[in-house]
**Student:** 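I am attaching a structure below and will ask some questions about it afterwards.
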Amino acid sequence: HLLEHNRFISVHYSTIHRTLERCNISLKKLRIVARERDEDLRADFRRQMAQYSAEQLGFLDEVSKDERTLQRRYGRASKNTRASIKGVFIRGRRLSAEGFLTLDGMLACTVVEGSMNREMFLDFIEHQVVCSSFIHLFQILNFSEMPLTTPFPGELSVLVMDNARIHHGEEIMEIADRFGVSLNFL
């Protein structure tokens with residue numbers, strides 16, 4: 001109440017700390033939220049996804065790792081001493097993985113050396129998720145479904161991906177259209 005009227009009050013740090021503790025406020029690592037995040041668009045996406053059952057959804061995402069990935073970012077040290085750790089400065093070999101996650105677990109995955117690009121992603125979609133090597137056989141047998149997916153509104157008929165540049169393109173849309181699978185982007 002006193003701070004509302006007088007902003008130049010001398011208060012010791014420990015007094016502020018005790019007061020904050022009494023109010024159940026603690027020091028935490030800040031969570032960085034994207035400035036571009038739009039809560040209305042997020043709410044629209046949640047409403048859109050609510051129309052699907054969990055069995056209809058399949059998620060595609062990628063991850064990468066190099067020698068620096070697992071290094072600690074925080075540490076403790078005595079006052080007036082910098083916290084340090086010996087670490088690798090050279091990235092070394094970089095591995096990227098792409099996976100197709102469903103309620104039944106990881107149904108398909110691939111690992112490549114280096115960063116995943118659009119051609120590699122299309123290869124993964126065609127040969128592991130869509131299994132285009134079997135398309136000719138399925139056409140002979142008069143099947144029109146992807147082996148791991150089914151046409152909408154069947155099981156695994158909605159593929160959900162983030163907005164990575166490699167996930168967009170006419171080729172991916174063409175594959176989805178050919179097999180009646182719906183694409184949704186986060």
**Student:** Over 60° means perpendicular and under 30° means parallel, so classify the ring planes of Tyr52 and Phe152, tilted if in between.
**Tutor:** perpendicular
**Student:** Using 0.5 Å steps for rounding, measure from the CZ atom of Phe124 to the CD atom of Glu119.
**Tutor:** 16.0 Å
**Student:** Considering only NZ, NE, NH1 and NH2 on the basic side and carboxylate oxygens on the acidic side, decide whether Arg18 and Glu21 come within less than 4.0 Å.
**Tutor:** no
**Student:** Side chain of Thr19, backbone of Thr15: donor and acceptor closer than 3.5 Å?
**Tutor:** yes
**Student:** Roughly how far, to the nearest 0.5 Å, is CG of Leu156 from CZ of Phe59?
**Tutor:** 10.5 Å
**Student:** Looking only at non-hydrogen atoms, find the nearest pair between Leu95 and Glu113 and report the distance.
**Tutor:** CD2-CA, 4.1 Å
**Student:** Examine His167 together with Phe185 and report whether their ring centres are nearer than 6.0 Å.
**Tutor:** no
**Student:** Could you tell me which non-hydrogen atom of Ser96 sits nearest to which non-hydrogen atom of Gly114, and how far apart they are?
**Tutor:** OG-O, 2.6 Å
**Student:** Of all the heavy-atom pairs spanning Gly58 and Thr102, show the shortest one and how long it is.
**Tutor:** CA-CG2, 4.3 Å
**Student:** Taking atom CD of Glu170 as the centre, report whether more than 12 heavy atoms of other residues, nucleotides or ligands fall under 6.0 Å from it.
**Tutor:** no
**Student:** Can you name the closest pair of heavy atoms from Phe121 and Glu98 and give their distance?
**Tutor:** CE1-OE2, 3.3 Å
**Student:** Any side-chain heavy atom of Met116 sitting closer than 4.5 Å to one from Ser64?
**Tutor:** no
**Student:** Between Gln56 (side chain) and Pro153 (backbone), is there a donor-acceptor pair under 3.5 Å?
**Tutor:** yes
**Student:** Yes or no on side chain to side chain contact (heavy atoms under 4.5 Å, CB included) for Val158 and Val181, after CA distance, side-chain angles and deciding distance?
**Tutor:** CA-CA 6 Å; Val158 179; Val181 175; over 6 Å; no
**Student:** For Leu159 and Asn184, run side chain to side chain contact (heavy atoms under 4.5 Å, CB included): C-alpha distance rounded to whole Å, both residues' side-chain angles, the deciding distance at 0.1 Å, then the answer.
**Tutor:** CA-CA 6 Å; Leu159 301 181; Asn184 284 270; over 6 Å; no
**Student:** Under 3.5 Å, side chain of Thr150 to main-chain N/O of Glu155, donor-acceptor pair present?
**Tutor:** yes
**Student:** Taking Ile125's backbone N and O only, do any of them form a donor-acceptor pair with Gln128's side chain (distance below 3.5 Å, no angle check)?
**Tutor:** no
**Student:** Heavy-atom count check: over 12 atoms from other residues, nucleotides or ligands less than 6.0 Å from Met49 CE?
**Tutor:** yes
**Student:** Is there a donor-acceptor contact under 3.5 Å from the side chain of Asp61 to the main chain of Met161?
**Tutor:** no
**Student:** Using 0.5 Å steps for rounding, measure from the CD1 atom of Ile175 to the CE atom of Met173.
**Tutor:** 11.5 Å
**Student:** Out of curiosity, Leu60 CG to Cys109 SG, how far, rounded to the nearest 0.5 Å?
**Tutor:** 11.5 Å
**Student:** With a 4.5 Å cut-off on side-chain heavy-atom distances among I, L, V, M, F, W and Y, is there a chain of contacts connecting Leu107 to Ile172?
**Tutor:** yes
**Student:** Mind listing the closest non-hydrogen atom pair of Glu62 and Asp162 along with its distance?
**Tutor:** OE2-OD2, 3.4 Å
**Student:** Inspect the surroundings of CZ in Arg165 and state if more than 12 heavy atoms from other residues, nucleotides or ligands are less than 6.0 Å away.
**Tutor:** no
**Student:** What orientation do Tyr13 and His17 show, parallel under 30°, tilted 30 to 60°, or perpendicular over 60°?
**Tutor:** parallel
**Student:** Spell out, yes or no, whether Phe45 and Leu57 are grouped together once hydrophobic residues are joined by side-chain heavy atoms under 4.5 Å, including indirect joins.
**Tutor:** yes
**Student:** Is any side-chain heavy atom of Val160 closer than 4.5 Å to a side-chain heavy atom of Leu186?
**Tutor:** yes
**Student:** Over all heavy atoms of both residues, which pair between Arg94 and Ser115 is shortest? Give the atoms and the distance, please.
**Tutor:** NE-OG, 3.5 Å
